[in-house]
Asks: 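This is the structure I have questions about; it appears just below.
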Amino acid sequence: MAIICALGGCLTLVSDGNWQGGVVDPGRGESAGRRRGPARYQPPRQVPQPRLGAPGTSEGPVLPLPESPTGTGAEWKAPRPSDGPPAARLESVAVPATLQMDVQAEKRRVVGGQVTFQVTVRNTGDRPADDVVITVEFDAAMRFPDREGHRAEQRLGTLDAGAERTIGLTLRCDTEGTHCARFRLTQEGREVVWRETCIEWVPRELSIFVLAPAVVTRGGRAEFVVQLRNDAQHPLRNLWCTLRHDAALQVRELTSDYELKADTARWKLGDLRPGESVWLAAEYECSVATEQACVAVEAAADGVPVDGRTQCVRVEEPRPPLTVFVEDAGDPVPATRQIAYVVTLRNTTLDPLQDVVLELTARGPVRFGTVELERSGAVEFAVERRADSRRVRIARLPVERPVRFVVRMVPERPGYARLSAIVSAAAARIERTEPTAVVRSPAAEAQPQ
């Protein structure tokens, strides 16, 4: 029994034998009214705590080693390095076909011109992609250059892993504003990528005109004449122009002050006043027969998007009984100077040709001057004069010796002049045409070099 006295009085506590360390165990008491003597408090026995130490030392208890994994109580042995876990193995994982599509095009073009979309498709996976299809739909304001419709489809078939394909699509537009094309890439009928590309079509401020002969004999020359005209109400600053030719053509003469790199000639033309024009000429040797030998012309100025034209000629094999070449001696030509054309006839047969007729016709702001042989006395001929043409009769054309006629034209005003030559001999008829630019401005009178 314990007695506790405080300010408010004394309190007597009686123990029933269940007090152990200050905690009452309710499950161990006897019935009420029965008491037992006071219990003696005994503090808990101190159990020595194990300490880490080397085995077999007497510094204190040592933690027991873990039992054998087998559970038999056999001695446990630490694993040797050779008994460690197996080394990790790298296994290759095949990535399925993954298609990507990129669409590139000029963002601003001139009304009436063309734009080319370059569509590139790549398979970045490890497996081939089957039945790959590109579909494009575009606004009604844009159209194909040569046919109707506003939808196109290009089947690529199977695209191997890591392969890449690029497809070009060219469209025209005659309406100002922003017009778009939408490209859809599918694989086995399932859409993979979708892209929309929009082009701003602006009013034309720079006009490009290109003249060239339609047909040239292999071994002859084809001259391309380019006119650039300022159709804006303000000067065009830092005007430039490039001509890029096919491999079938070889550069022989170009208007001066050019830069030539590989297959492209470039001119820096400075400023062009409203309504003013500048002319360029390029003459190419045609050494390979082909259905199309083309020259692509591009031009632009500050604030004016790139615009272009493409002009092609057909290069024919020489055909018996003769070959015909027509060339001008200079281009562009100022309106104050005569134009000198050289018409060359070559007999490719084994015998002289009889009764050869050369018909010369002028087009454009020019009139005929004289028609004469380059070396007088070599061939007998007679000239019949008409209003806008001349007929030259040659009694006998010798074998393998070229005969050259010099045809002079007198310009009447600036513009484009053309000389057409039609030769008839031995039931054959051959026609050739040569264009020439007649200019007013002395600044545009640069001659080919």
Side-chain angles (χ1 to χ4, degrees), residues 86-110 113-173 177-201 242 244-249 261-264 288 290-298 300 305-310 312:
R89 292 182 301 172
L90 297 178
E91 296 183 359
S92 60
V93 178
V95 179
T98 303
L99 296 180
Q100 297 179 351
M101 180 174 64
D102 182 47
V103 182
Q104 297 291 333
E106 293 282 346
K107 299 304 181 184
R108 297 178 73 238
R109 300 298 287 180
V110 177
Q114 298 181 352
V115 64
T116 298
F117 298 88
Q118 296 290 343
V119 185
T120 302
V121 179
R122 303 179 183 88
N123 181 3
T124 59
D126 297 332
R127 299 175 182 175
D130 298 325
D131 191 20
V132 179
V133 180
I134 303 174
T135 304
V136 58
E137 296 181 354
F138 44 90
D139 294 347
M142 294 192 291
R143 59 182 176 85
F144 295 109
D146 54 356
R147 63 183 187 275
E148 299 296 327
H150 296 90
R151 186 180 185 277
E153 184 179 274
Q154 178 67 48
R155 293 188 173 274
L156 303 183
T158 299
L159 199 63
D160 294 334
E164 177 180 299
R165 292 280 301 277
T166 299
I167 305 296
L169 172 68
T170 300
L171 300 177
R172 291 182 58 89
C173 182
T178 300
H179 309 294
C180 304
R182 289 157 290 277
F183 296 85
R184 181 171 174 259
L185 180 67
T186 61
Q187 177 187 356
E188 298 180 343
R190 176 178 57 88
E191 181 178 298
V192 179
V193 184
W194 185 89
R195 294 283 187 272
E196 182 180 61
T197 301
C198 298
I199 311 298
E200 180 186 4
W201 297 90
T242 62
R244 187 180 70 255
H245 61 274
D246 288 348
L249 303 175
K261 294 182 179 179
D263 61 350
T264 302
V288 179
T290 178
E291 283 298 315
Q292 282 193 334
C294 302
V295 173
V297 181
E298 287 189 338
V306 177
D307 195 11
R309 299 287 184 275
T310 299
C312 303

Asks: Of all the heavy-atom pairs spanning R127 and A161, show the shortest one and how long it is.
Replies: N-CB, 3.8 Å
Asks: For E137, which of R195, R184, R151, R182 qualifies under salt bridge (Lys or Arg N to Asp or Glu O under 4.0 Å)?
Replies: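 For E137, the salt bridge (Lys or Arg N to Asp or Glu O under 4.0 Å) test succeeds with only one of R195, R184, R151, R182, which is R151.
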Asks: Regarding T166 and T120, do their side chains bring together a donor and an acceptor under 3.5 Å, going by distance alone?
Replies: yes
Asks: Does any part of the side chain of Q100, heavy atoms only, come nearer than 4.5 Å to the side chain of T124, both counted from C-beta?
Replies: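 Sidechains of Q100 and T124: in contact.
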Asks: The test is side-chain contact (heavy atoms from CB on, under 4.5 Å); show your working for V132 and L185 and say whether it passes.
Replies: CA-CA 7 Å; V132 179; L185 180 67; 3.6 Å; yes
Asks: Verify side-chain contact (heavy atoms from CB on, under 4.5 Å) between V121 and I134, making sure each step is shown before the conclusion.
Replies: CA-CA 9 Å; V121 179; I134 303 174; 3.6 Å; yes
Asks: Are side-chain heavy atoms of L171 and H179 found at a separation under 4.5 Å?
Replies: no
Asks: Would you say that V295 contacts L249 through its side chain, given a criterion of any heavy-atom pair below 4.5 Å between the two side chains?
Replies: yes
Asks: Sub-3.5 Å donor-acceptor pair from the side chain of D246 to the main-chain atoms of A248, do we have one?
Replies: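 No, because the side chain of D246 does not come within donor-acceptor range (under 3.5 Å) of the backbone of A248.
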Asks: Provide the closest heavy-atom pair for G189 versus T186 in the form atom of the first, atom of the second, distance.
Replies: C-CB, 4.3 Å
Asks: Is any NZ, NE, NH1 or NH2 atom of the basic residue among R309 and D307 found under 4.0 Å from an Asp or Glu carboxylate oxygen of the other?
Replies: yes
Asks: Go through the side-chain N and O atoms of Q104 and D102 and say whether any donor and acceptor fall under 3.5 Å apart.
Replies: yes
Asks: Could you go through the side-chain contact (heavy atoms from CB on, under 4.5 Å) check for Q187 and D130 one step at a time?
Replies: CA-CA 6 Å; Q187 177 187 356; D130 298 325; 5.7 Å; no
Asks: So which atom in A105 and which in I199 form the shortest heavy-atom distance, rounded to 0.1 Å?
Replies: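 For A105 versus I199, the nearest heavy atoms are CB-CD1, 4.1 Å.
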Asks: What's the verdict on side-chain contact (heavy atoms from CB on, under 4.5 Å) for V136 and F117, showing C-alpha distance, side-chain angles and the deciding distance?
Replies: CA-CA 11 Å; V136 58; F117 298 88; over 6 Å; no
Asks: Working to the nearest 0.5 angstrom, can you tell me the gap between T135 OG1 and E153 CD?
Replies: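 With rounding to 0.5 Å, OG1 (T135) is 4.5 Å from CD (E153).
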Asks: Are R108 and E106 within salt-bridge range, i.e. N to O under 4.0 Å?
Replies: no
Asks: What closest approach, in Å, do H245 and A262 show between heavy atoms, and which atom pair accounts for it?
Replies: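 Closest approach of H245 to A262, heavy atoms only: CE1-O, 4.2 Å.
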Asks: Under the 3.5 angstrom rule, does the side chain of R143 hit a backbone N or O of C173 as a donor-acceptor pair?
Replies: no
Asks: Please evaluate residues T242 and T264 with respect to the criterion side chain to side chain donor-acceptor pair (under 3.5 Å), reporting the C-alpha separation (whole Å), side-chain torsions for both, the decisive distance (0.1 Å), and the verdict.
Replies: CA-CA 7 Å; T242 62; T264 302; over 6 Å; no
Asks: Within a strict 4.5 Å, meaning less than it, do heavy atoms of the L169 and F183 side chains meet?
Replies: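 Side chain of L169 against side chain of F183, heavy atoms only: contact under 4.5 Å found.
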Asks: Compute the centroid of each ring, for F144 and then for F138, and state whether the two points are separated by less than 6.0 Å.
Replies: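 So the answer is yes for these two rings.
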Asks: Where the side chain of H150 meets the backbone of A140, is there a donor-acceptor pair that is under 3.5 Å apart?
Replies: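 Indeed, once roles are kept as given, a pair shorter than 3.5 Å links the two residues.
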Asks: Counting N and O atoms only, with roles assigned by atom type, does the side chain of N123 sit under 3.5 Å from a partner on the main chain of D160, one being a donor and the other an acceptor?
Replies: yes
Asks: Less than 4.5 Å apart, side chain to side chain, heavy atoms only: is that true for R109 and P305?
Replies: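 No, side chains not in contact.
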Asks: Mark yes when over 12 heavy atoms from residues, nucleotides or ligands other than E291 sit less than 6.0 Å from its CD; otherwise mark no.
Replies: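 Not more than 12 within 6.0 Å, no.
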Asks: With a 6.0 Å cut-off (strictly less than), is the heavy-atom count around CD of Q292, excluding the residue itself, greater than 12?
Replies: no
